[in-house]
Amino acid sequence: MAVKVNKEECIGCGACVSSCPFGALVMQEDKADITEACTACGACVEVCPVSAIAREAEEKTISIDKNEYKDVWVFIELAEGQIKNVAHELLGEGRKLADAMGQKLAGVLIGEGVEHLTKDVFASGADKVYMVEGSEFKYYTTDGFTTVFAELIKTYKPSVILMGATNDGRDLGPRVACRVGTGLTADCTNLGIDEQTGLVAWTRPAFGGNIMATILCPEHRPQMGTVRPKVFKRPEQDFSRTGEFVRVKSTVKDIRTRLVDIVRVCTTACNLEEAEIIVSGGRGMGKPENFALIEELAGVLGGAVGASRAAVDAGWKPHMHQVGQTGKTVGPKRMLPSLRQLTTVLLAMSWKYCRH
Ligand code: SF4
Ligand code: SF4
């Protein structure tokens with residue numbers, strides 16, 4: 001959908017220019033003009049006193065029978081054969097959504113030799129597990145997982161899909177959404193049910209984290225989103241729970257990407273999402289060399305090293321260390337709780353340096 005200015009009706013008052021959050025409106029020869037920066041947000045439409053700005057007619061949307069789409073799905077992401085924490089966190093939150101919608105919660109498990117993990121998925125709250133096994137899924141591949149996930153959606157028609165906002169989830173989610181013709185809200189920090197529509201209300205930071213936007217997906221199915229790790233608590237597992245197990249045959253014929261090697265660049269120091277202790281620094285460190293202090297302290301405490309956006313933007317630390325709204329969402333069990341404790345650690349470090 002586009003927004004247009006009717007130049008015949010524009011009286012050149014300029015009121016619309018300041019209403020545009022994207023700086024997409026300019027005055028040219030006493031008439032408002034919309035530039036390519038326009039996102040069609042519509043904020044200027046109501047501002048014009050002579051209704052010279054209007055949205056162009058909406059394209060006809062492909063009509064789908066939304067009643068055919070049921071259940072909440074969670075992508076069960078794996079790392080070295082184990083279910084990642086974020087998948088458990090999403091099962092816990094997915095359980096609440098499914099209960100509120102009166103629907104079932106399902107886990108989607110794709111991998112090689114993963115059947116034994118189904119009990120773990122049920123224990124975290126799932127009613128159902130869809131499993132696709134095969135040696136071609138030993139490691140995550142963009143095209144392999146996209147194809148199989150899209151096929152599962154077309155066959156079983158889920159209403160809601162949750163994925164972790166991890167490297168794999170951020171890669172897979174948008175591709176699957178595009179393949180099945182729906183939208184996706186990325187990097188959510190909260191989920192709920194919109195009271196008026198009964199749709200999932202996806203909340204995420206917008207405009208550089210200055211506001212929180214809540215997004216609905218009224219026209220398309222499934223409703224999809226990625227959710228940051230550590231936003232929700234991992235549920236208590238109940239291993240007496242069981243559920244329906246659906247084994248699905250792989251339809252993937254041609255995977256174009258092949259894993260050649262794994263090069264680990266991330267050590268304990270940058271495993272922020274799983275870290276229980278984090279020592280973080282920002283511009284206050286003064287210069288990049290001073291981050292050695294942060295690294296040393298993190299080493300002593302067995303924690304990870306965090307950095308603010310300013311420090312990362314300045315090139316003092318790589319992006320993989322960035323924490324906060326524009327970086328990784330973290331949930332350490334232990335911050336440095338008191339000045340006394342910090343002083344003790346720093347004294348221990350200075351003692352170590354003095355001896356050298
Ligand atoms: Fe700016 Fe939104 Fe109007 Fe486009 S529709 S010109 S982005 S206010
Ligand atoms: Fe023209 Fe309306 Fe913008 Fe005024 S608010 S400059 S009349 S488009």
Side-chain angles (χ1 to χ4, degrees), residues 1-64 66 160-161 163 165 169-171 173-228 231 309-310 312-313 319 322 324-327 329:
M1 192 183 357
V3 173
K4 297 271 181 206
V5 176
N6 183 337
K7 300 274 170 73
E8 304 277 296
E9 289 177 21
C10 174
I11 54 170
C13 70
C16 54
V17 175
S18 59
S19 72
C20 177
F22 300 97
L25 271 158
V26 292
M27 295 303 293
Q28 277 189 344
E29 295 172 1
D30 284 341
K31 301 282 179 188
D33 202 22
I34 296 181
T35 68
E36 284 184 352
C38 176
T39 63
C41 71
C44 57
V45 175
E46 298 298 319
V47 173
C48 179
V50 293
S51 301
I53 310 178
R55 290 173 184 273
E56 284 195 321
E58 280 203 41
E59 284 173 30
K60 211 174 171 205
T61 52
I62 305 157
S63 76
I64 54 163
K66 294 177 198 121
V160 178
I161 298 178
M163 292 184 184
R170 283 173 171 158
D171 181 62
R175 285 168 191 275
V176 170
C178 187
R179 194 70 72 88
V180 300
T182 188
L184 176 136
T185 309
D187 272 9
C188 296
T189 53
N190 200 16
L191 301 175
I193 299 289
D194 178 61
E195 279 181 18
Q196 279 186 347
T197 58
L199 296 166
V200 175
W202 310 84
T203 301
R204 57 151 297 156
F207 295 110
N210 291 325
I211 60 164
M212 298 303 282
T214 297
I215 295 162
L216 307 180
C217 177
E219 301 297 337
H220 300 274
R221 293 291 180 275
Q223 305 166 73
M224 288 185 69
T226 57
V227 180
R228 293 187 181 196
V231 166
R309 181 178 178 170
V312 171
D313 285 350
H319 183 260
Q322 190 173 323
Q325 292 216 328
T326 50
T329 305

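Note that ligands are numbered from 1 as they come in the structure, with each ligand's atoms numbered from 1 the same way. It should be emphasised that the depicted structure is a prediction, and the values quoted were computed from it without experimental measurement.
With ligand atoms numbered from 1 in the order given, ligand 1 contributes 7 (S) to contacts under 4.0 Å with heavy atoms of Phe22. Heavy-atom proximity to Cys16, at under 4.0 Å, picks out these atoms of ligand 2: 3 (Fe), 5 (S), 6 (S), 8 (S). In summary, the atoms of ligand 1 found under 4.0 Å from a heavy atom of Leu25, numbered by their order in the structure, are 6 (S). Of all atoms in ligand 1, listed by their number and element, those nearer than 4.0 Å to a heavy atom of Cys38 are 4 (Fe), 5 (S), 6 (S), 7 (S). With ligand atoms numbered from 1 in the order given, ligand 2 contributes 3 (Fe), 6 (S), 8 (S) to contacts under 4.0 Å with heavy atoms of Ala32. Shown in contact with Gly42 at under 4.0 Å from a heavy atom are these atoms of ligand 1, numbered in order with element: 2 (Fe), 5 (S). For ligand 2, the atoms sitting less than 4.0 Å from at least one non-hydrogen atom of Pro49 are 5 (S), numbered in the order shown with element in parentheses. Remark: ligand 2 atoms within the under-4.0 Å shell around heavy atoms of Ile53 are 8 (S). Near Val50, with a cut-off below 4.0 Å to any heavy atom, the atoms of ligand 2 are 7 (S).
At distances below 3.5 Å, at least one donor-acceptor pair connects side-chain atoms of Lys31 with backbone N or O atoms of Cys10. Arg204 places a side-chain N or O within 3.5 Å of a backbone atom of Ala186 that can act as its donor or acceptor partner. The closest donor-acceptor contact from the side chain of Thr203 to the backbone of Thr214 lies at 3.5 Å or more, if one exists at all. Side chain of Gln28 to backbone of Asp33: no donor-acceptor contact under 3.5 angstrom is found.
Closest to atom 1 (Fe) of ligand 1, if we only count protein heavy atoms, is Cys20 SG, 2.3 Å. Protein heavy atom at the shortest distance from atom 7 (S) of ligand 2 is Ile11 N, 3.4 Å. Scanning all protein heavy atoms for the shortest distance to atom 4 (Fe) of ligand 2 gives Cys13 SG, 2.3 Å. Protein heavy atom in closest approach to atom 6 (S) of ligand 2: Gly14 N, 3.1 Å. For atom 2 (Fe) of ligand 2, the nearest non-hydrogen atom of the protein is Cys48 SG, 2.3 Å. The protein heavy-atom contact nearest to atom 3 (Fe) of ligand 1 is Cys44 SG, 2.2 Å.
At least one side-chain heavy atom of Leu25 sits under 4.5 Å from a side-chain heavy atom of Ile34. Counting heavy atoms from C-beta outward, Pro205 and Met212 have side chains that approach closer than 4.5 Å. Side-chain atoms of Met224 and Met163, non-hydrogen and from C-beta on, do get closer than 4.5 Å to each other.
Not a single N/O/S atom of Cys10, whether from backbone or side chain, sits less than 2.8 Å from atom 2 (Fe) of ligand 2. Coordination check, Cys41 versus atom 2 (Fe) of ligand 1: passed, since an N/O/S atom of the residue sits under 2.8 Å.
Looking at Thr39 against ligand 1, both its backbone and its side chain come within 4.0 Å, counting heavy atoms.
The distance from atom CG of Leu184 to atom NE2 of His220, rounded to the nearest 0.5 Å, is 13.0 Å. Going from atom CD1 of Ile11 over to atom CG of Asp30 covers 11.0 Å, rounded to the nearest 0.5 Å.
Contact between Val180 and Pro222 at its shortest, heavy atoms only, is CG2-CD, 4.1 Å. Here the shortest heavy-atom pairing between Cys20 and Ala24 reads SG-N, 3.2 Å.
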